[in-house]
Amino acid sequence: MVSAEYAPAVLRTRPVATGHWRAFLAVARHLNFRAAADELALTQSAVSRQIQALEDEVGVALFLRHTRAVELTSAGAQLQRAVAPALERMDTAVRLVRQTAGRRSVAITTWASFASMWLIPRMEEFQRDNPGVDIRIDATDTLVDLETADVDLALRSSVPAGVAPGAQRLFGEQLAVVASPWLLKSMPPVREPADVAQFALIEAGDAHRLPYFEWITWRRWFEVHAQRQLEPRRWLYFNYAQQIAQAALAGQGLALARMPLIADSLARGDLVEVLPGHRLDSPLVYWLLLGPRSSQRPEIKAFCAWLQLQALATRQAIGEVPDPDLNDHLD
């Protein structure tokens with residue numbers, strides 16, 4: 001039989017009231033019950049009762065009460081370090097919810113390279129024409145369920161057979177060999193496909209692990225242009241289209257780049273298309289997908305209309321004529 005003196009304490013498992021934690025943090029900050037009561041607009045006895053209730057819930061003393069001072073115990077200090085940032089995060093979240101309540105907004109999910117290279121550089125026009133609409137861009141490679149996620153629309157790339165019903169086509173894709181103009185000036189001229197072997201070649205390092213991405217590699221470009229045995233000076237591999245374009249802009253080699261994403265760089269002259277008659281067709285298409293709860297909101301309609309105008313400009317820039325039958329089928 002275990003004596004009462006050594007009986008283990010029965011730990012409570014119910015949640016502690018948030019008010020108790022606020023009283024605890026106030027006393028821990030001031031180390032004074034009266035000052036804590038003034039901060040919380042409570043009586044000193046009410047704060048004292050909350051602290052006593054909290055200590056009963058936790059099962060240990062949180063303060064050492066001296067005649068003229070209060071001191072945190074080691075357990076109290078441990079809880080202060082954990083609870084203070086947690087309550088601050090809660091308060092911050094509440095402030096944000098209050099600030100955004102009733103505001104018009106558009107929440108977009110897309111992948112990082114598309115957001116950086118295509119969407120964000122164009123956003124100024126929409127924001128100028130729609131100053132009362134907030135924009136939130138969630139740049140992630142993880143696909144989200146528009147039925148349940150807190151987003152309004154998705155911008156993705158996929159082969160037509162793999163796209164969800166109701167998706168709206170934005171534009172297709174070709175791959176182009178591009179380089180910085182100053183790199184080309186420092187190297188022998190590139191007049192035919194075999195000449196690319198003089199350069200470092202830049203491409204996606206994870207293309208072999210992703211469905212359909214093997215269709216947008218240098219190896220396929222070699223096959224299409226009868227250069228199966230070609231080996232470049234060296235390879236440079238990156239995980240993201242943005243990194244590939246950045247390496248090309250920095251003069252680190254020739255990139256096999258996705259035309260819709262680098263059309264603006266070509267138009268500005270930051271990149272130059274090498275062998276323009278030797279583009280590589282891609283099976284990927286860029287799509288707009290709308291969440292079922294968002295499509296009728298005026299700000300979503302305005303954003304989608306603006307997005308389609310931007311897509312038209314991109315189609316014109318890359319020389320693409322979309323298939324109207326495909327658009328009619330998917331709208």
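This is a predicted model, so every value here is computed, not measured.
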Q) Atom CD in Glu223, atom CG in Leu230: separation rounded to 0.5 Å? A)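 Between Glu223 CD and Leu230 CG, I get 12.0 Å after rounding to 0.5 Å.
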
Cluster check [X], [Y]: I/L/V/M/F/W/Y, side chain < 4.5 angstrom:
| X | Y | value |
| --- | --- | --- |
| Leu119 | Leu309 | no |
| Leu54 | Met90 | yes |
| Tyr240 | Leu271 | no |
| Val60 | Val83 | yes |
| Phe222 | Val224 | yes |

Is there side-chain contact between [X] and [Y], with at least one heavy-atom pair below 4.5 Å?
| X | Y | result |
| --- | --- | --- |
| Leu280 | Gln174 | no |
| Leu72 | Gln80 | yes |
| Asn32 | Val27 | no |
| Trp111 | Thr140 | no |
| Val163 | Val285 | no |
| Asp38 | Phe33 | no |
| Thr314 | Asp264 | no |
| Leu153 | Cys304 | yes |

Q. Going through the distances and angles, do Arg49 and Glu55 end up as a salt bridge (Lys or Arg N to Asp or Glu O under 4.0 Å)?
A. CA-CA 10 Å; Arg49 287 194 300 271; Glu55 290 176 325; over 6 Å; no

Is the side chain of [X] donor-acceptor paired with the backbone N or O of [Y] at a distance under 3.5 Å, no angle test?
| X | Y | result |
| --- | --- | --- |
| Trp221 | His278 | yes |
| Glu125 | Arg122 | no |
| Gln308 | Ala305 | no |
| Glu320 | Gly172 | yes |
| Arg220 | Trp215 | yes |
| Thr73 | Ala61 | yes |
| Ser48 | Gln44 | no |
| Arg297 | Ser295 | no |
| Arg293 | Glu147 | yes |

Can you name the closest pair of heavy atoms from [X] and [Y] and give their distance?
| X | Y | answer |
| --- | --- | --- |
| Leu25 | Ala84 | CD1-CA, 3.9 Å |
| Val151 | Leu146 | CG2-CD2, 3.4 Å |
| Pro260 | Glu173 | CD-CG, 4.0 Å |
| Val144 | Ala149 | CB-CB, 4.1 Å |
| Ile262 | Ala245 | CG2-CB, 4.0 Å |
| Ala164 | Leu289 | CB-CD2, 3.6 Å |

Q | Single hit among Leu256, Val274, Leu266, Leu275 for side-chain contact (heavy atoms from CB on, under 4.5 Å) with Val178 | A |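 Answer after filtering Leu256, Val274, Leu266, Leu275: Leu266.
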
Can you give the donor-acceptor pairs under 3.5 Å from side chains of residues 179-192 to other protein atoms, not counting sequence neighbours?
{"residue": "Ser180", "atom": "OG", "partner": "Leu183", "partner atom": "N", "Å": "3.3"}
{"residue": "Ser186", "atom": "OG", "partner": "Leu183", "partner atom": "O", "Å": "2.8"}

Q: May I ask you to check whether Ser294 and Asp152 show a side-chain donor-acceptor distance below 3.5 Å?
A: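 Distance-only check passes for Ser294 and Asp152.
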
Q.
Is a donor from one side chain sitting under 3.5 angstrom from an acceptor on the other, for Gln242 and Ser113?
A. no

Q: Could you walk me through whether Ile120 and Ile137 pass side-chain contact (heavy atoms from CB on, under 4.5 Å), step by step?
A: CA-CA 9 Å; Ile120 294 174; Ile137 299 175; 4.0 Å; yes

Q) So which residues get pulled into Phe238's cluster when ILVMFWY side chains under 4.5 Å apart are joined, directly or through others? A)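 When side chains under 4.5 Å apart are linked, the cluster holding Phe238 also contains Ile202, Leu236, Ile244.
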
**Q.** Audit row: Gln52, Asp56, side-chain hydrogen bond (donor to acceptor under 3.5 Å, both in side chains) steps and yes/no
**A.** CA-CA 6 Å; Gln52 184 62 58; Asp56 291 343; 3.2 Å; yes

Please determine whether the number of non-hydrogen atoms from other residues, nucleotides or ligands lying under 6.0 Å from atom [atom1] of [X] exceeds 12.
| X | atom1 | answer |
| --- | --- | --- |
| Asp129 | CG | yes |
| Arg65 | CZ | yes |
| Trp306 | CH2 | yes |
| Gln229 | CD | no |

(Q) Evaluate Glu299 against Asn130 for side-chain contact (heavy atoms from CB on, under 4.5 Å), listing each step before the verdict. (A) CA-CA 8 Å; Glu299 63 270 26; Asn130 300 271; over 6 Å; no

Going by an N to O cut-off under 4.0 Å, is there a salt bridge joining [X] and [Y]?
| X | Y | answer |
| --- | --- | --- |
| Glu203 | Arg258 | no |
| Glu124 | Arg128 | yes |
| Glu88 | Arg22 | no |

Q. After noting the C-alpha distance and the side-chain angles of Val177 and Trp218, does the key distance pass the side-chain contact (heavy atoms from CB on, under 4.5 Å) rule?
A. CA-CA 9 Å; Val177 180; Trp218 274 108; 3.7 Å; yes

Q) Would you say the ring centroid of Trp118 lies under 6.0 angstrom from that of Phe171? A) yes

Q | With Asp138 via salt bridge (charged side-chain N to carboxylate O under 4.0 Å, His left out) - residues at least two apart | A | none

Q. For Phe199 and Arg233, what are the C-alpha separation, side-chain angles and deciding distance, and is it a side-chain contact (heavy atoms from CB on, under 4.5 Å)?
A. CA-CA 6 Å; Phe199 296 81; Arg233 176 180 295 182; over 6 Å; no

Q) Passes side-chain hydrogen bond (donor to acceptor under 3.5 Å, both in side chains), His20 versus Glu57? Steps please. A) CA-CA 10 Å; His20 292 355; Glu57 292 283 356; 5.7 Å; no

